[in-house]
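Note that these values count all heavy atoms, side chains included, but never hydrogens, waters or copies made by symmetry. Here is the naming used below: chain letters follow the sequence lines, and residue numbers restart at 1 for every chain.
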Protein chains: 2
Amino acid sequence: MIEEKKGAILILSGPSGCGKSTLLKEVYKDISDYYFSISTTTRAPRTGEQNGVDYFFVTKEEFEKDIKNDDFLEYAKVHDNYYGTSLKPINKALEEGKLVIFDIDVQGHEIVRNKLDSIVTSVFITTPSLKVLEERLNARNTDSSDIIEKRIKNAKGEVEFFQDYDYLIINDNLEIAAKELVCIANITRIKTKLYEKDKIISNWLN
Amino acid sequence: MIEEKKGAILILSGPSGCGKSTLLKEVYKDISDYYFSISTTTRAPRTGEQNGVDYFFVTKEEFEKDIKNDDFLEYAKVHDNYYGTSLKPINKALEEGKLVIFDIDVQGHEIVRNKLDSIVTSVFITTPSLKVLEERLNARNTDSSDIIEKRIKNAKGEVEFFQDYDYLIINDNLEIAAKELVCIANITRIKTKLYEKDKIISNWLN
């Protein structure tokens, strides 16, 4: 019999306001064995934030020890606090055959592709146009105009990189976009490159 | 606004008895704008065979004219009759933005990949094991033992090439396998490589 499916990586990028979180909820309804990559930080948890949900909250000493052990995919120091992506939980999830999901920007996409020796499927999610993005950011009324301006500027820069991704989802119709993302998540682990050729053939023949 | 999706190619290969036709029916339920590539032949239609459904039936003169016009993706002469894959209907379907589906063997897969300048997604479909394939071929009771033996021999040879494909579907559970194939068919036309980068970016920004 043919071997079980292995772990693989799914990267999502796209401007804030493109609907990534809403679409991801549909993926979680359909797939149970996933691991959503969360960041590790030395900053204090804010009200309502949970360790292992919003961030892994660690001490400065723990973070610096992990830096020395080369245990970060990437990290940065912002205003005296460290932020980074720990490799341990990612590698653990991959070993368990899970789908590891990253919600990262275009630079993060490049780092994951280059630094992790796993099969990666990547998706760039966007709105039908910049105008629609602006409308959505204004309508959700959660960000200051400064923040919205910054998000728009980032979005303009990031769209240039869409073709470095495998798939483009235009979130015009939520139902269609969700179906597309769920489909991508479902088939990421049946890529032939994930299988050990000789093992599969010998198992299949016997 | 971002442009419409373009046509793309979906190739299915796998041993006779792997369940391709049953799985394809599920794809047809979900997708309407597809074109299933059928062969052109000079042999006479058998009882029940329809022109444009089972084959394109043409005269020897028509076939040879198309050969001269370089209008075949591939062709062969078997027992005085020609069989081939005409390029015209394929190119027409691609221009119309359709998903062009091929059910072909591993050699055909290589030809389509190399000769057609389109985005190709390919799927190798198989049973969980050779033993299961043998059981299925025997159980369906439609082929002589000679034919079954030939199919088994072909299957052993073809499985060696599964890793030249993008995806491997192991048809163990029909529902899961169908879901996987429908998903692949659905997302084949959102590959970023199908979009013209400059056009998309300029449309998105304006």
Hits for side-chain hydrogen bond (donor to acceptor under 3.5 Å, both in side chains) against Gln163(B), two or more places apart or cross-chain, chain-then-number order -> none

Under a 4.5 Å heavy-atom cutoff, which of Asp164(B), Asp198(B), Val159(B) has the most pairs with chain A?
Val159(B)

Heavy-atom side-chain proximity of Ile38(A) to Tyr55(A) below 4.5 angstrom:
no

Whatever's closer than 4.5 Å to a heavy atom in chain A on Leu194(B) counts as neither

Side chains of Thr127(B) and Arg136(B) only: does a donor on one sit below 3.5 Å from an acceptor on the other?
no

Could you have a look at Ile201(A), Leu205(A), Ile184(A), Ile169(A) and say which one has the most heavy-atom pairs with chain B under 4.5 angstrom?
Ile201(A)

Heavy-atom check, side chain of Tyr167(B) versus side chain of Thr121(B), under 4.5 Å:
yes

Taking the cut-offs as 6.0 angstrom to the six-membered ring centre and 45 degrees off its axis, would you call Lys77(A) and Tyr82(A) a cation-pi pair?
yes

Test item: side-chain donor near acceptor, Ser86(A) and Thr40(A), under 3.5 Å
yes

What residues of residues 101-110 of chain A make heavy-atom contacts with chain B at a cutoff under 4.5 angstrom?
none

For residues Tyr195(A) and Lys6(A), determine if any side-chain heavy atom of one lies less than 4.5 Å from a side-chain heavy atom of the other.
no

